[in-house]
Student: 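Dropping the structure in here first, questions after.
Numbers for residues simply follow the sequence, beginning at 1. Counting convention: from 1, in listed order, for ligands and their atoms alike.
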Amino acid sequence: MDIDRWQKRLQELPLGNLYLYQEVGSTNTEAEQLAREGVPPFSLVVADAQTAGRGRMDRIWITRPGQALAFSLILYPQAEVHPEVLGRLSGMVALGVAEVLRQSYGLPAEIKWPNDVLVEGRKIAGILVEAHWEGGRLLDAILGVGVNVHREALPDDREFIFPATTLDDCSGEKASRLDLLVRILRSLLRWHNRLAEPSLIETWNELLAYKNQQVSLSSSRGVIARGELRGVEGDGSLSLLTERGEARQFLSGEIRLRLVDRS
Ligand code: ATP
């Protein structure tokens, strides 16, 4: 990563401070530290490689040097922010990424609730939103994004629990990581302005993977529900029509979503 070139280009965007690294443990961890120190809103941490990239529940996220995008954006939602808005943040980020993949690269990107972006059923991007609280007061929210860009982003010898892919594989071309980053950031800034608007949930629903299909939801203790996936509600929760015909809503927390194989 040519840090000077990336820095110059990113300065064109209405962001806070820019922190660009060749390698960090995790951009989210770095961003959390910076947020505590009180950097301006929309400060950005970008790394060419992560040695301890994280997914949800401390699962690993692989970011190999020069192959992927890994960044974290720091927000300071107002202390009086409505919890409903907070539940929309993962969707907002997934939407920002999926929209760019659709509009700029012509890919049929979809959102696997709550936090992954898929292309043709394979994970191309992962999102980790982490909010930090002090008592009942929200201090900051870190929006972490990892996108698999070049083919070497995915090690050959590694099988993920969920199939993965890269932008280059999907588009058949070699993408510019810097162009992709700038596009995603512009999209995130736009969606952030519309965080409380119904259009966010409407668009999230339009891009939702597995709509009207049978899915299962599970936690670390096993399957907690099965049913037909109906859509996302205003607070970002997932609505299922269960096998018993009940409509139930689930907040993301530690839940994992899977398509039920009917074959
Ligand atoms: P799941 O994807 O299984 O539903 P999740 O949404 O909680 O669960 P994430 O937190 O988004 O998963 O990502 C962590 C998981 O993603 C890891 O357990 C690993 O299997 C997988 N993974 C790690 N690095 C990558 C990568 N670069 N591309 C795709 N998948 C990855």
Side-chain angles (χ1 to χ4, degrees), residues 23-29 46-72 87 89-98 101 107 109-131 142-170 175 177 180-181 184 204 207-210 213 215-226 229 232 236-238 240 250-261:
E23 184 179 285
V24 292
S26 140
T27 57
N28 263 32
T29 307
V46 185
D48 197 51
Q50 294 186 106
T51 53
R54 290 187 278 118
R56 296 192 305 155
M57 290 153 271
D58 287 333
R59 292 199 268 266
I60 54 147
W61 185 265
I62 291 182
T63 314
R64 300 172 93 199
Q67 301 298 318
L69 267 190
F71 68 88
S72 299
L89 278 176
S90 272
M92 178 201 103
V93 182
L95 201 50
V97 174
L101 295 177
L107 300 178
E110 294 182 312
I111 301 170
K112 174 170 154 288
W113 181 88
N115 67 326
D116 292 322
V117 180
L118 308 182
V119 174
E120 288 170 352
R122 295 177 168 270
K123 203 192 284 195
I124 192 167
I127 284 140
L128 181 65
V129 172
E130 295 182 302
I142 310 291
L143 314 183
V145 179
V147 187
N148 299 324
V149 182
H150 302 314
R151 297 211 162 108
E152 302 287 308
L154 299 171
D156 290 337
D157 56 349
R158 190 163 194 129
E159 287 271 316
F160 294 123
I161 312 168
F162 198 90
T165 191
T166 67
L167 176 55
D168 288 357
D169 273 312
C170 293
R177 289 185 302 153
L180 176 67
L181 175 61
I184 292 175
W204 189 354
L207 301 191
L208 199 61
Y210 313 144
Q213 298 189 58
V215 296
S216 70
L217 298 182
S218 49
S219 72
S220 53
R221 276 171 282 153
V223 173
I224 51 177
R226 278 179 210 275
L229 190 151
V232 171
S237 62
L238 188 76
L240 279 199
F250 297 86
L251 274 168
S252 73
E254 302 199 338
I255 292 174
R256 262 185 155 165
L257 170 69
R258 287 289 182 275
L259 191 62
V260 173
D261 185 1

Student: Enumerate, atom names and distances included, each donor-acceptor pair closer than 3.5 Å involving a side-chain atom of residues 144-156, sequence neighbours excluded.
Tutor:
{"unit_1": "Asn148", "atom_1": "ND2", "unit_2": "Thr165", "atom_2": "O", "d": "3.2"}
{"unit_1": "His150", "atom_1": "ND1", "unit_2": "Asp168", "atom_2": "OD2", "d": "2.6"}
{"unit_1": "Arg151", "atom_1": "NE", "unit_2": "Asp169", "atom_2": "OD1", "d": "2.6"}
{"unit_1": "Arg151", "atom_1": "NH2", "unit_2": "Asp168", "atom_2": "O", "d": "3.4"}

Student: Do the non-hydrogen side-chain atoms of Leu167 and Leu107 ever get within less than 4.5 Å of each other?
Tutor: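 With C-beta onward as the side chain, the pair touches.
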
Student: Check side chain to side chain contact (heavy atoms under 4.5 Å, CB included) between Ser237 and all other residues, then give those that pass, not counting sequence neighbours.
Tutor: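 So Ser237 forms a side chain to side chain contact (heavy atoms under 4.5 Å, CB included) with Glu233, Asp235, Gln249, Leu251.
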
Student: How long is the gap from CD on Gln50 to CD on Glu23, to the nearest 0.5 Å?
Tutor: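 Going from CD on Gln50 over to CD on Glu23, the span is 10.0 Å.
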
Student: Please tabulate, one line per pair, the protein nitrogen or oxygen atoms found under 3.5 angstrom from a nitrogen or oxygen of ligand 1, with distances to 0.1 Å, or say none if there are no such pairs.
Tutor:
{"unit_1": "ligand 1", "atom_1": "2 (O)", "unit_2": "Asp116", "atom_2": "OD2", "d": "3.4"}
{"unit_1": "ligand 1", "atom_1": "2 (O)", "unit_2": "Lys123", "atom_2": "NZ", "d": "2.6"}
{"unit_1": "ligand 1", "atom_1": "3 (O)", "unit_2": "Arg256", "atom_2": "NE", "d": "3.0"}
{"unit_1": "ligand 1", "atom_1": "3 (O)", "unit_2": "Arg256", "atom_2": "NH2", "d": "2.9"}
{"unit_1": "ligand 1", "atom_1": "3 (O)", "unit_2": "Arg258", "atom_2": "NH2", "d": "2.7"}
{"unit_1": "ligand 1", "atom_1": "4 (O)", "unit_2": "Lys112", "atom_2": "NZ", "d": "2.7"}
{"unit_1": "ligand 1", "atom_1": "4 (O)", "unit_2": "Arg258", "atom_2": "NH1", "d": "2.9"}
{"unit_1": "ligand 1", "atom_1": "6 (O)", "unit_2": "Asn115", "atom_2": "OD1", "d": "3.2"}
{"unit_1": "ligand 1", "atom_1": "6 (O)", "unit_2": "Asp116", "atom_2": "OD2", "d": "2.9"}
{"unit_1": "ligand 1", "atom_1": "7 (O)", "unit_2": "Arg56", "atom_2": "NE", "d": "2.9"}
{"unit_1": "ligand 1", "atom_1": "7 (O)", "unit_2": "Arg56", "atom_2": "NH2", "d": "3.2"}
{"unit_1": "ligand 1", "atom_1": "7 (O)", "unit_2": "Arg59", "atom_2": "NH2", "d": "2.5"}
{"unit_1": "ligand 1", "atom_1": "8 (O)", "unit_2": "Arg256", "atom_2": "NE", "d": "3.2"}
{"unit_1": "ligand 1", "atom_1": "10 (O)", "unit_2": "Arg56", "atom_2": "N", "d": "2.5"}
{"unit_1": "ligand 1", "atom_1": "11 (O)", "unit_2": "Asn115", "atom_2": "ND2", "d": "3.4"}
{"unit_1": "ligand 1", "atom_1": "11 (O)", "unit_2": "Asp116", "atom_2": "OD1", "d": "2.9"}
{"unit_1": "ligand 1", "atom_1": "11 (O)", "unit_2": "Lys123", "atom_2": "NZ", "d": "3.4"}
{"unit_1": "ligand 1", "atom_1": "12 (O)", "unit_2": "Lys123", "atom_2": "NZ", "d": "3.3"}
{"unit_1": "ligand 1", "atom_1": "13 (O)", "unit_2": "Lys123", "atom_2": "NZ", "d": "3.4"}
{"unit_1": "ligand 1", "atom_1": "16 (O)", "unit_2": "Lys123", "atom_2": "NZ", "d": "3.2"}
{"unit_1": "ligand 1", "atom_1": "24 (N)", "unit_2": "Ile62", "atom_2": "N", "d": "2.9"}
{"unit_1": "ligand 1", "atom_1": "27 (N)", "unit_2": "Ile62", "atom_2": "O", "d": "3.1"}
{"unit_1": "ligand 1", "atom_1": "27 (N)", "unit_2": "Asn148", "atom_2": "OD1", "d": "3.0"}
{"unit_1": "ligand 1", "atom_1": "28 (N)", "unit_2": "Asn148", "atom_2": "ND2", "d": "2.9"}

Student: In residues 111-120, what donor-acceptor pairs under 3.5 Å come from side-chain atoms, sequence neighbours left out?
Tutor:
{"unit_1": "Lys112", "atom_1": "NZ", "unit_2": "Asp116", "atom_2": "OD2", "d": "3.2"}
{"unit_1": "Trp113", "atom_1": "NE1", "unit_2": "Gly236", "atom_2": "O", "d": "2.9"}
{"unit_1": "Asn115", "atom_1": "ND2", "unit_2": "Ile127", "atom_2": "O", "d": "3.1"}

Student: Would you say that Leu128 contacts Arg56 through its side chain, given a criterion of any heavy-atom pair below 4.5 Å between the two side chains?
Tutor: yes

